[in-house]
Undergrad: 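Handing you a structure now.
What's counted below: heavy atoms across the whole structure, side chains too, no hydrogens, waters or symmetry copies. Chain A is the first sequence line, chain B the second, and so forth, proteins listed ahead of strands; every chain is numbered from 1.
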Amino acid sequence: MGLQAVRDVSLDLLGPDGVSDSGADLRSYSCDGLTGWRETPGLVVLPRTTRQVATIVSACARNGVPFVARGSGTGLSGGALPDAGGVLIVTARMRQIVSLSPEDRTAVVEPGVTNAAISAAAAPHGLYYAPDPSSQIVCSIGGNVAENSGGAHCLKYGFTTNHVLGMEVVLPDGTVTWLGGESWEAPGYDLRGVFIGSEGTLGIATKVAVRLLPIPESVSTLVADFPSPAAAGEAVTSIVAAGIVPAAVEMLDHLAIQACEAATNAGFTLTAGAALIVELDGPAADCEASFDLVRQHCTEAGATGIRVAADAVDRATIWRGRKAAFAAAGRLSPSYFVQDGVIPRTALGTVLERIAALAAEEGLRVANVFHAGDGNLHPLVLYDPAVEGQHGKADRLATRIVEICVQEGGSITGEHGVGVDKACSMPKMFTPDDLAAMRRVRDAFDPAGIANPGKVFPTPRLCGDRPGPYTPHPAEVAGLAERM
Amino acid sequence: MVRPCTAAEVAKLVKEAGAGGDVVEVVGGGTKGGWGLPSGTDAVTLSTSGLDQTFGHASADQTAVVGAGMRLGELQGRLSVKGQWLAVDPPDPTGGATLGGVFSADDAGPRRMRYGTMRDLVIGATFVLADGTVAHTGGKVIKNVAGFDLAKLLCGSLGTLAVVTELVVRLHPLPEASRTLRCAAPAGQVPELAFALARCPAEASAVEWMDGELYVRVEGGAAGLQKRVDQLAATLGAMLEADGTGRRAVDPVSGRDETALWDAVASARRPSRPPLSCRVVTRPRQFSDFHHWATVAADEAGAGLSVTSDPCIGVHDVRFTGPLDPALDALARLRRSLAGIGGTAVVRAVPRSVEGAVVWGPPPAAAAVMATVKRALDPGSTFAPGRFSPWW
């Protein structure tokens with residue numbers, strides 16, 4: 001009944017072109033980038049303006065209908081997984097760059113604008129938008145705000161939350177307001193900081209004010225080959241100890257090198273145990289001096305070869321190789337899980353050993369790609385769904401890897417978000433009191449619980465009836481059911 | 001005054017106070033007493049000075065876990081042993097500011113241009129809610145998006161939501177070398193200078209303008225520093241010449257003179273100076289409007305004026321000098337002008353006689369949501385009620 005009312009309002013507002021409610025249309029929105037979770041939404045709407053979003057959300061609030069916001073659908077934690085009885089609000093048609101002020105080094109954009117489009121619009125002014133998730137060509141800034149997206153360069157430059165000054169948002173009751181603004185400081189509580197990374201559970205951003213940075217004068221990139229990830233890790237430790245803050249430090253292990261090279265021909269050395277990509281940027285005078293030091297530290301840590309990017313084209317080739325890692329895993333295996341754990345960087349050696357041991361136990365292969373500078377691991381757990389029981393084993397291995405990360409003092413997610421995928425792992429990292437404090441804030445914004453329900457917070461329905469720390473359901477242990 | 005030494009002790013004290021209907025005012029070093037409105041004389045003062053023992057420095061991971069009551073100077077001293085620092089430089093002339101206090105006020109200094117503020121540097125927090133709940137947010141790793149980032153909410157909340165007992169911070173390497181350029185710069189030329197400096201590839205880490213003088217700090221590796229200084233000096237020099245007023249000198253300052261120069265800036269920014277100091281925020285390109293209006297407001301009201309500004313960021317500290325009444329008049333005039341461009345002015349160092357509406361000015365768009373969040377976390381209004389009055 002409620003959904004029907006929202007459908008009527010939406011049709012009036014957007015016309016048939018902006019509303020989907022037929023089977024095939026709806027099913028095309030049934031998952032985001034994490035395809036293992038699927039749910040057909042009750043209704044899909046494609047608004048073009050803030051007012052339209054607010055009207056639809058108001059209708060949802062009046063009728064008690066849940067809503068889920070979706071940008072480009074590239075998320076990797078099921079944050080935009082639809083609600084079967086709810087509305088999926090797609091921001092893809094809200095893609096205007098509203099204003100760009102070179103003098104202020106800011107831009108105001110609509111949520112459907114892609115991450116890369118902001119930098120493209122800023123480039124003629126010598127500016128760019130710093131956060132660069134691997135999906136930046138297609139992912140939307142609204143989605144980046146929801147997930148607090150990072151990227152390879154966040155070691156030096158930080159995350160979405162460090163680059164967004166404010167957002168116009170539609171709150172779960174349909175109210176339109178600004179959190180933060182277009183200036184560097186806003187009096188009162190920093191609600192923008194809470195909203196960013198709240199994964200759509202506090203409302204929908206309809207305009208985003210971002211900071212832009214001057215394009216660095218100089219960029220230097222190298223790829224160093226090492227016999228093992230541990231040796232490459234040593235190089236990172238000594239680079240950091242020398243007081244150098246690289247723009248990015250990325251590592252591929254042997255298996256990941258095979259995948260990336262097969263997919264992109266980026267020029268990685270196939271025999272290397274690990275490849276380390278180090279990029280420095282900033283003032284030319286600083287970069288030159290530090291780059292020599294980086295080469296020295298790599299050599300001292302046992303690098304067997306160092307390739308310096310000759311020019312911008314060569315650098316782009318290296319990055320294309322790295323950023324294709326997830327997709328490239330398909331070359332190694334029919335299917336795979338991408339994990340997103342974080343560890344204190346210095347625990348890298350220990351954690352890789354533990355992952356290797358666990359993988360051997362399950363009889364599975366794990367390719368490791370990581371942001372080595374900040375300890376963000378992306379183990380790719382490879383498996384074949386056609387082999388009976390492998391899916392369950394792979395899922396279990398992926399979960400155990402994240403548990404290791406938490407045990408080592410890290411996090412269950414560095415940039416992909418909790419979404420629906422890791423909601424049941426939240427109690428591994430947070431106490432019931434921690435989660436209750438978060439929930440109080442959620443309830444303050446959304447007392448009816450209609451904004452992206454079932455995400456971020458563990459629920460009995462999702463995680464089994466027993467509250468408290470996650471324990472596998474007996475059916476899971478028996479291999480009869482899977483959380484994925 | 002109560003002085004708990006652990007989060008559990010804080011929880012017990014806070015819970016008892018709440019149950020008895022008492023109001024709790026959290027105090028660190030007591031250096032920002034005039035930020036927001038006071039809670040009244042019958043408030044229980046909870047000093048965080050006993051929460052100063054925790055210190056865990058993971059230098060290779062560039063993070064540290066620190067008790068909220070530790071003084072910032074003490075912390076920087078300990079971190080410097082391993083060549084690192086917490087990259088904030090708020091005005092702290094007495095050396096009394098605590099980590100928790102700087103966080104709760106989100107106070108920052110000139111180098112925020114490069115490093116951001118506490119908001120950007122805190123990666124985890126332990127806090128105690130009014131009902132005695134001890135909770136954590138974030139973690140110990142720099143990259144982490146698990147759960148709501150409640151540290152952002154607490155940062156700048158002026159002790160109204162919880163007692164922060166412990167913080168995890170990300171650290172930066174101490175710069176090897178530093179230099180500051182100084183030159184005379186009339187207010188009218190500041191916007192174009194700031195525009196050029198903010199985009200200069202030599203990457204200044206601070207640009208500060210104070211009553212007619214501009215200071216530009218550059219820091220980093222020793223090897224590349226001189227080239228960067230030259231680059232910035234050339235940028236400044238070219239623009240000053242174009243001005244045609246004959247002010248050519250761009251003086252490089254280093255060592256003790258440089259420290260003294262920035263101490264003087266910090267001193268000017270110290271908000272406790274009477275009679276009326278306020279933080280004005282505009283967009284960077286609105287500097288000229290802001291400065292013109294501040295000058296006119298002071299003139300018309302018969303108040304004196306002193307301005308210290310981060311023109312690249314659009315954050316300005318304004319001091320109206322002389323007797324209080326003209327100063328208040330000048331503030332009201334400045335606010336009326338700022339309203340048209342979305343600028344804000346908030347009084348810091350509040351004279352006791354002044355009411356909340358004068359301190360805070362017009363409420364932000366989301367004031368109602370902020371009030372709801374306050375009620376959700378502190379339903380009994382135990383923590384510093386009225387600090388943000390009349391907003392909530």
Undergrad: Is there a donor-acceptor pair under 3.5 Å between the side chain of K152(B) and the backbone N or O of R192(A)?
TA: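 Absent.
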
Undergrad: Is the shortest side-chain heavy-atom distance between F127(B) and V163(B) below 4.5 Å?
TA: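 Answer no - side chains too far apart.
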
Undergrad: Given heavy-atom pairs under 4.5 angstrom as the criterion, report whether the side chain, backbone, both or neither of I142(B) touches chain A.
TA: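 Both backbone and side chain.
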
Undergrad: Using non-hydrogen atoms and a 4.5 Å limit, figure out which bit of P201(B) sits close to chain A: side chain, backbone, both or neither.
TA: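 Both parts, backbone and side chain.
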
Undergrad: Checking T372(B) side chain against A444(A) main chain: does a donor-acceptor pair fall under 3.5 Å?
TA: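 The answer is no, because no donor-acceptor pair under 3.5 Å joins these two groups.
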
Undergrad: Should the pair D106(B)-R119(B) be classified as a salt bridge under the 4.0 Å nitrogen-to-oxygen rule?
TA: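 R119(B) and D106(B): not salt-bridged.
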
Undergrad: Could you have a look at A58(B), G361(B), G147(B), G36(B) and say which one has the most heavy-atom pairs with chain A under 4.5 angstrom?
TA: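 Top count of heavy-atom pairs under 4.5 Å with chain A: G147(B).
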
Undergrad: Heavy atoms only, distances under 4.5 angstrom: which of T177(A), D286(A), V236(A), D433(A) has the most pairs with chain B? Name it, please.
TA: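 Ranked by contacts with chain B, first place is D286(A).
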
Undergrad: Measure R375(B) against the heavy atoms of chain A and call it side chain, backbone, both or neither at under 4.5 Å.
TA: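 For R375(B), no heavy atom lies under 4.5 Å from chain A.
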
Undergrad: Does N452(A) use its side chain to pair, donor to acceptor, with the backbone of K455(A) at less than 3.5 Å?
TA: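 Here the side-chain-to-backbone pair does not exist.
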
Undergrad: Name the member of L161(B), L225(B), L174(B) that forms the most heavy-atom pairs with chain A at distances under 4.5 Å.
TA: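 Option with the greatest count: L161(B).
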
Undergrad: Sort P379(B) into side chain, backbone, both or neither according to what part of it lies under 4.5 angstrom from a heavy atom of chain A.
TA: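 Contact with chain A involves the side chain of P379(B) alone.
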
Undergrad: Does the T175(A) side chain pair with the main chain of L171(A), one donor and one acceptor, at a distance under 3.5 Å?
TA: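 Not a single qualifying donor-acceptor pair exists.
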
Undergrad: Of all of T344(B), T126(B), L158(B), V346(B), which one pairs up most often with chain A through heavy atoms under 4.5 Å apart?
TA: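 The option with the most such pairs is T344(B).
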
Undergrad: Can you check whether V373(B)'s main-chain N or O pairs, donor with acceptor, with R440(A)'s side chain at less than 3.5 Å?
TA: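 Such a contact is absent between R440(A) side chain and V373(B) backbone.
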
Undergrad: Are R439(A) and F457(A) in a cation-pi contact, defined as NZ or CZ under 6.0 Å from the six-membered ring centre and within 45° of the axis?
TA: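 Yes, R439(A) sits over the ring of F457(A).
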
Undergrad: Could you tell me which portion of L213(A) (side chain, backbone, both or neither) has an atom closer than 4.5 angstrom to a non-hydrogen atom of chain B?
TA: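 When you check distances to chain B, no heavy atom of L213(A) falls under 4.5 Å.
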
Undergrad: Side chain, backbone, both or neither: which part of L129(B) has a non-hydrogen atom closer than 4.5 Å to chain A?
TA: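 The side chain, not the backbone.
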
Undergrad: Given heavy-atom pairs under 4.5 angstrom as the criterion, report whether the side chain, backbone, both or neither of L202(A) touches chain B.
TA: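 Contact with chain B involves the side chain of L202(A) alone.
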
Undergrad: Taking Q62(B) for the side chain and S59(B) for the main chain, is one N or O donor matched with an acceptor at less than 3.5 Å?
TA: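 Pair absent, no side-chain N/O of Q62(B) close to backbone of S59(B).
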
Undergrad: Measure A198(B) against the heavy atoms of chain A and call it side chain, backbone, both or neither at under 4.5 Å.
TA: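 Backbone plus side chain of A198(B), per the 4.5 Å heavy-atom cut-off to chain A.
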
Undergrad: So that I can tick it off, tell me whether K140(B) and D61(B) are bridged by a salt bridge, with the cut-off set at under 4.0 angstrom between side-chain N and carboxylate O.
TA: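 Looking at K140(B) together with D61(B), the answer is no, because their closest N to O distance does not fall below 4.0 Å.
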
Undergrad: Inspect the contact between R283(B) and E103(A) and indicate whether a charged nitrogen and a carboxylate oxygen are less than 4.0 angstrom apart.
TA: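 A salt bridge is absent here (no side-chain N lies under 4.0 Å from a carboxylate O).
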
Undergrad: Answer with side chain, backbone, both or neither: which region of S157(B) has an atom nearer than 4.5 Å to a non-hydrogen atom of chain A?
TA: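 Answer is both: backbone and side chain atoms of S157(B) are under 4.5 Å from chain A.
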
Undergrad: Picking from K82(B), R112(B), H172(B), which has the most non-hydrogen pairs under 4.5 angstrom with chain A?
TA: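 That would be R112(B).
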
Undergrad: Please state whether the side chain, the backbone, both or neither of T161(A) comes within less than 4.5 Å of a heavy atom of chain B.
TA: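 It is both, since atoms from each part get that close.
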
Undergrad: Please look at E176(B) and chain A and tell me whether the side chain, the backbone, both or neither of the residue comes under 4.5 angstrom of a heavy atom of that chain.
TA: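 E176(B) has no heavy atom closer than 4.5 Å to chain A.
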
Undergrad: Given heavy-atom pairs under 4.5 angstrom as the criterion, report whether the side chain, backbone, both or neither of E199(A) touches chain B.
TA: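 For E199(A), the side chain is the part near chain B, not the backbone.
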
Undergrad: Is there a side-chain contact between P216(A) and Y128(A) in this structure, where contact means two heavy atoms from C-beta onward sitting under 4.5 Å apart?
TA: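 Answer yes - side chains close enough.
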
Undergrad: When you measure from the side chain of S101(A) to the backbone N and O of D104(A), does any donor-acceptor pair fall under 3.5 Å?
TA: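 Side chain of S101(A) to backbone of D104(A): a pair is present.
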
Undergrad: Under 4.5 Å from any heavy atom of chain A, what part of T63(B) do you find: side chain, backbone, both or neither?
TA: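 Contact with chain A: none, neither part.
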
Undergrad: Using the ring pair (Phe, Tyr, Trp, His ring centres under 6.0 Å) criterion, which residues pair with Y189(A)? Sequence neighbours excluded.
TA: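 Partners of Y189(A) by the ring pair (Phe, Tyr, Trp, His ring centres under 6.0 Å) criterion, ordered by chain and then number, come out as F388(B), W392(B).
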
Undergrad: Under a 4.5 Å heavy-atom cut-off, does chain A meet the side chain of D131(B), its backbone, both or neither?
TA: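 Contact with chain A is through the side chain of D131(B) alone.
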
Undergrad: Determine the option with the most heavy-atom pairs under 4.5 angstrom with chain B, choosing from G373(A), A241(A), P187(A), G409(A).
TA: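 Going by pairs under 4.5 Å, I would pick P187(A).
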
Undergrad: Is chain B contacted by the side chain of M438(A), its backbone, both, or neither, given a heavy-atom distance below 4.5 Å?
TA: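 M438(A) touches chain B through backbone and side-chain heavy atoms alike.
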
Undergrad: Among all residues two or more places apart in sequence or in another chain, which pass the ring pair (Phe, Tyr, Trp, His ring centres under 6.0 Å) test with H153(A)?
TA: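 Per chain and number, H153(A) pairs via ring pair (Phe, Tyr, Trp, His ring centres under 6.0 Å) with W319(A).
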
Undergrad: Checking heavy atoms, do the side chain of C312(B), its backbone, both or neither come under 4.5 Å from chain A?
TA: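 Looking at C312(B), backbone and side chain both touch chain A.
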
Undergrad: Checking the side chain of S149(A) only, and the main-chain atoms of V145(A) only, is there a donor and an acceptor separated by less than 3.5 Å?
TA: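 Absent.
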
Undergrad: Of all of L377(B), D310(B), L154(B), T117(B), which one pairs up most often with chain A through heavy atoms under 4.5 Å apart?
TA: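 Of the options given, most contacts go to L377(B).
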
Undergrad: Determine the option with the most heavy-atom pairs under 4.5 angstrom with chain B, choosing from H371(A), R211(A), E288(A).
TA: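 Of H371(A), R211(A), E288(A), H371(A) has the most heavy-atom pairs under 4.5 Å with chain B.
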
Undergrad: For the candidates T237(A), V194(A), V245(A), which exhibits the highest count of non-hydrogen atom pairs separated by less than 4.5 Å from chain B?
TA: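 Answer, by heavy-atom pair count under 4.5 Å with chain B: V194(A).
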
Undergrad: What part of V369(B) gets within 4.5 angstrom of chain A, counting heavy atoms only: side chain, backbone, both, or neither?
TA: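 Contact with chain A is through both the backbone and side chain of V369(B).
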
Undergrad: Between chain B and each of T346(A), V342(A), N148(A), V418(A), count heavy-atom pairs under 4.5 Å; write down the option with the most.
TA: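 Result: the option with the highest number of such pairs is T346(A).
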
Undergrad: Would you mind telling me which of N144(B), T160(B), V134(B) has the largest number of heavy-atom pairs within less than 4.5 Å of chain A?
TA: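 Looking at each option in turn, the highest pair count goes to N144(B).
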
Undergrad: Would you mind reporting whether T133(B) and V128(B) have side-chain heavy atoms less than 4.5 Å apart?
TA: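 The answer is no, as the side chains (C-beta and beyond) never meet within the 4.5 Å cut-off.
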
Undergrad: So for F148(B), is it side chain, backbone, both, or neither that comes closer than 4.5 Å to the heavy atoms of chain A?
TA: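 Answer is both: backbone and side chain atoms of F148(B) are under 4.5 Å from chain A.
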
Undergrad: Name the member of G126(A), P344(A), P283(A), G197(A) that forms the most heavy-atom pairs with chain B at distances under 4.5 Å.
TA: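 Looking at each option in turn, the highest pair count goes to P283(A).
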
Undergrad: Checking Q84(B) against chain A: side chain, backbone, both or neither under 4.5 Å from a heavy atom?
TA: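 Neither part.
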
Undergrad: Is a side-chain N or O of T137(B) found less than 3.5 angstrom from the main chain of L150(B), in a donor-acceptor match?
TA: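 Between the backbone of L150(B) and the side chain of T137(B) there is a qualifying donor-acceptor contact (under 3.5 Å).
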
